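Quantities reported herein were computed from a predicted structural model and do not represent experimental measurements. Reminder, nothing fancy here: chain letters follow the sequence lines and each chain counts from 1. Any value given below was found using the heavy atoms of this structure, including those in side chains, with hydrogens, waters and symmetry copies removed.
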Number of protein chains: 2
Amino acid sequence: MMGPNIETSRSAHVIAARAVHDPLAALDPLKAAGARLSVKRGEEIVGEGNAADYCYKVVSGSVRLVKLVADGRRQVCEFLVAGDFIGLTADAHHYFTAEATADSVLMRYPCRRVESLIAGDPALAQHVHKLTTSGLRRAYERMVLICHKSAQERIAWFLLEMGKRSAGSDTFMLPMTRADIADYLGLVIETVSRVLTQLKVAGTIQVRNINRITLVDRDALEAATGEG
Amino acid sequence: MMGPNIETSRSAHVIAARAVHDPLAALDPLKAAGARLSVKRGEEIVGEGNAADYCYKVVSGSVRLVKLVADGRRQVCEFLVAGDFIGLTADAHHYFTAEATADSVLMRYPCRRVESLIAGDPALAQHVHKLTTSGLRRAYERMVLICHKSAQERIAWFLLEMGKRSAGSDTFMLPMTRADIADYLGLVIETVSRVLTQLKVAGTIQVRNINRITLVDRDALEAATGEG
DNA sequence: CGCCAGGTTGAGAGCAATCAAGCGCGGTGG
DNA sequence: CCACCGCGCTTGATTGCTCTCAACCTGGCG
């Protein structure tokens with residue numbers, strides 16, 4: 001844990017400078033230590049309670065963070081896409097299960113290596129901390145959504161959110177099942193299906209090939225979120 | 001801004017050693033820069049969207065982190081007690097409102113000072129990161145609670161949680177109103193009141209002076225959470 | 001061609017929200 | 001000292017949104 005410190009502190013300013021453009025570029029030295037792996041839809045990446053030996057970066061595809069409930073139900077805590085990190089928990093164990101919702105490619109890094117890299121680079125440390133607080137902010141916002149919004153409002157919000165992730169394109173694929181969406185929004189499959197049908201017949205969205213969505217009327221969707 | 005850095009980097013190993021007992025002892029150099037302030041019940045400490053100039057540590061009392069919804073409702077995202085931090089967000093703005101649920105005492109620190117201190121102390125940085133991930137873990141767990149548990153189960157869980165905070169004592173004060181509890185658990189005041197009454201008549205708890213709770217039958221409460 | 005997982009649609013029930021009224025206690029002022 | 005007031009809490013009656021249970025559909029694949 002002391003070795004890497006020496007090496008990274010040597011060029012702290014250089015790394016900080018690069019960080020302006022891509023803070024995570026500071027993780028470049030990890031390339032050699034990282035393993036590229038492909039996972040199929042439904043495959044588990046980390047299990048809740050597992051030792052946090054490795055953390056991951058999503059290269060492509062889509063990942064869900066879930067918590068499993070005693071009675072067999074699930075809570076989808078977050079959907080991750082390309083660029084997102086899994087398992088930078090600063091703890092000895094993962095507190096969630098991560099599974100691919102679609103065929104995905106990941107980079108796997110030893111947590112110890114990442115941590116020592118972070119320890120030697122305050123700018124990187126701050127960026128990683130920012131990623132976590134950002135996750136916390138999103139979690140808080142979703143609590144509002146779940147506790148104070150109707151099924152229609154939640155799904156309208158969700159579709160707009162997915163739209164933003166697709167670089168603003170009006171047509172995009174949902175890389176997860178209705179069950180995933182339901183468990184993410186605190187609903188059941190049937191309710192998700194019903195609301196999507198309602199939005200479809202109202203002409204607000206189009207649904208093709210099950211998971212291909214087109215946002216026809218963004219204004220109507222915005223209005224349906226119950227915000228402003 | 002430079003003063004603390006020099007002082008802390010000088011004795012990094014000493015601080016790391018102390019950190020075993022109290023990692024936040026590394027914040028000691030801030031004592032001089034910190035201001036002690038008292039806030040009354042209901043008073044706002046930070047407002048959502050405010051510039052993150054200051055962060056706070058709860059010395060005594062109780063604080064709620066809330067998000068305000070357009071229609072006037074609220075979501076209580078977290079309750080904080082002595083020792084907890086407010087506003088270590090690594091961001092320019094606070095993404096929640098913080099208010100005292102009871103008369104409280106806080107220490108206020110300039111964020112810049114704290115950040116530079118963190119930048120010079122990897123062990124402290126990791127500890128702060130750990131605090132944030134811990135908050136995220138709690139948020140995820142509460143999503144499970146809100147989405148998959150009944151009103152009875154949520155309140156049973158809440159009472160046990162409050163019991164743990166009281167050093168395991170069976171009798172303790174709830175430092176917040178029914179409205180706070182409701183907004184924390186995704187319920188309404190009336191439901192909280194009804195369930196507390198049910199637990200009272202069932203002999204599971206005692207309620208005295210409105211907010212003084214005694215856990216009479218912990219086993220029954222555990223069972224009522226719907227876990228194991 | 002048949003299977004199966006994922007999705008849709010329908011009927012009905014239930015839990016918590018809503019609406020409404022009343023209670024209890026602490027504080028304040030006459 | 002007592003009457004009043006107001007906030008927080010309790011309790012009751014009713015509504016309604018979503019869940020549950022159940023049947024059926026659809027598309028991909030061996």
Side-chain angles (χ1 to χ4, degrees), chain A residues 40-43 64 69 71-76 99-103 145-156 158 173-202 205-213 224 226, chain B residues 40-42 64 69 71-76 99 101-103 145-156 158 173-202 205-213 224 226:
Chain A
K40 293 226 164 293
R41 185 169 66 103
E43 210 170 310
R64 60 173 177 252
V69 192
D71 58 1
R73 288 143 127 194
R74 313 176 312 163
Q75 177 64 33
V76 172
E99 300 163 329
T101 67
D103 295 353
L145 192 76
I146 289 169
C147 291
H148 295 291
K149 301 291 182 181
S150 70
Q152 277 227 23
E153 291 170 330
R154 295 183 216 183
I155 288 173
F158 177 76
M173 290 291 288
L174 292 179
M176 70 288 283
T177 66
R178 300 287 186 273
D180 290 327
I181 299 171
D183 290 342
Y184 183 63
L185 298 175
L187 299 169
V188 294
I189 306 179
E190 296 94 322
T191 302
V192 173
S193 183
R194 268 183 255 272
V195 172
L196 286 176
T197 301
Q198 285 168 24
L199 291 172
K200 194 169 61 179
V201 300
I205 63 171
Q206 283 184 3
V207 182
R208 283 192 282 248
N209 294 350
I210 306 298
N211 281 341
R212 176 160 231 93
I213 302 284
Chain B
K40 295 225 163 293
R41 184 169 67 103
R64 62 174 175 251
V69 193
D71 59 1
R73 289 142 127 194
R74 312 177 313 163
Q75 175 64 35
V76 172
E99 300 162 330
T101 67
D103 296 352
L145 193 75
I146 290 169
C147 290
H148 295 292
K149 301 290 182 181
S150 69
Q152 279 226 22
E153 290 170 331
R154 294 183 216 183
I155 288 173
F158 177 75
M173 291 289 289
L174 293 179
M176 70 288 284
T177 66
R178 301 285 186 274
D180 289 329
I181 299 171
D183 290 342
Y184 183 63
L185 298 176
L187 300 169
V188 294
I189 306 179
E190 295 94 323
T191 303
V192 172
S193 183
R194 268 184 254 273
V195 172
L196 286 177
T197 300
Q198 286 168 24
L199 292 171
K200 193 169 61 180
V201 301
I205 63 171
Q206 283 183 4
V207 182
R208 282 192 283 246
N209 294 350
I210 307 298
N211 281 342
R212 175 158 233 96
I213 302 283

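- Between A:T191 and the phosphate of D:dC19, there is a side-chain N or O to OP1/OP2 separation shorter than 4.0 Å.
- For the pair A:T197 and C:dT9, the criterion of a side-chain N or O lying under 4.0 Å from OP1 or OP2 is met.
- Atom-to-atom, CG of B:L185 to C1' of C:dC15 comes out at 16 Å; the value is rounded to the nearest Å.
- Judged by atom type and distance alone, B:R194 reaches the base of C:dT18 through a side-chain donor-acceptor pair under 3.5 Å.
- No donor-acceptor pair under 3.5 Å is formed between the side chain of A:Q206 and the backbone N or O of A:I213.
- You won't find any donor-acceptor pair under 3.5 Å spanning the side chain of A:Q152 and the base of D:dC17, going by distance alone.
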* Asked: Please walk me through it: do B:R73 and B:D183 pass side chain to side chain contact (heavy atoms under 4.5 Å, CB included)?
  -> CA-CA 8 Å; B:R73 289 142 127 194; B:D183 290 342; over 6 Å; no
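- Contact annotation for B:G186: backbone-only contact, meaning every heavy-atom pair under 4.0 Å involves sugar-phosphate atoms and none involves a base.
- If you take CG of B:N211 and C1' of C:dG26, they are 14 Å apart, rounded to a whole angstrom.
- Both A:A151 and B:R178 lie near DNA chain D, and the one whose nearest nucleotide falls closer to the 5' end is B:R178.
- As a whole-Å value, the separation of B:E190 CD from D:dT14 P is 16 Å.
- Side-chain proximity of B:T177 to C:dT9, D:dC9, C:dG7: nearest is D:dC9.
- For the pair B:R154 (side chain) and B:K149 (backbone), a donor-acceptor distance under 3.5 Å is present.
- For A:D103 (side chain) and A:K40 (main-chain N/O), no donor-acceptor pair under 3.5 Å exists by modelled atom type.
- For the pair A:M176 CE and C:dG6 C1', the computed distance is 15 Å after rounding to whole Å.
- Atom CD1 in B:I210 sits roughly 11 Å away from atom C1' in C:dG26 (whole-Å rounding).
- Between the CG atom of A:L199 and the P atom of C:dT9 there is a distance of 13 Å, rounded to whole Å.
- We find that CD1 of A:I155 is positioned 14 Å from C1' of C:dT8, with the value rounded to whole Å.
- When the nucleotides C:dA16, D:dC9, D:dC19 are ranked by their closest atom to the side chain of B:L187, C:dA16 comes out on top.
- Of the candidate nucleotides D:dT11, C:dG6, D:dC19, D:dC19 has the atom nearest to the side chain of A:V188.
- Of the candidates D:dT11, D:dC9, C:dA17, the closest approach to any side-chain atom of B:R73 belongs to C:dA17.
- With rounding to whole Å, A:I189 atom CD1 is found 16 Å from D:dT26 atom C1'.
- Judged by atom type and distance alone, A:R208 does not reach the base of D:dT26 through any side-chain donor-acceptor pair under 3.5 Å.
- Atom SG in A:C147 sits 12.0 Å away from atom CZ in B:R74 (nearest 0.5 Å).
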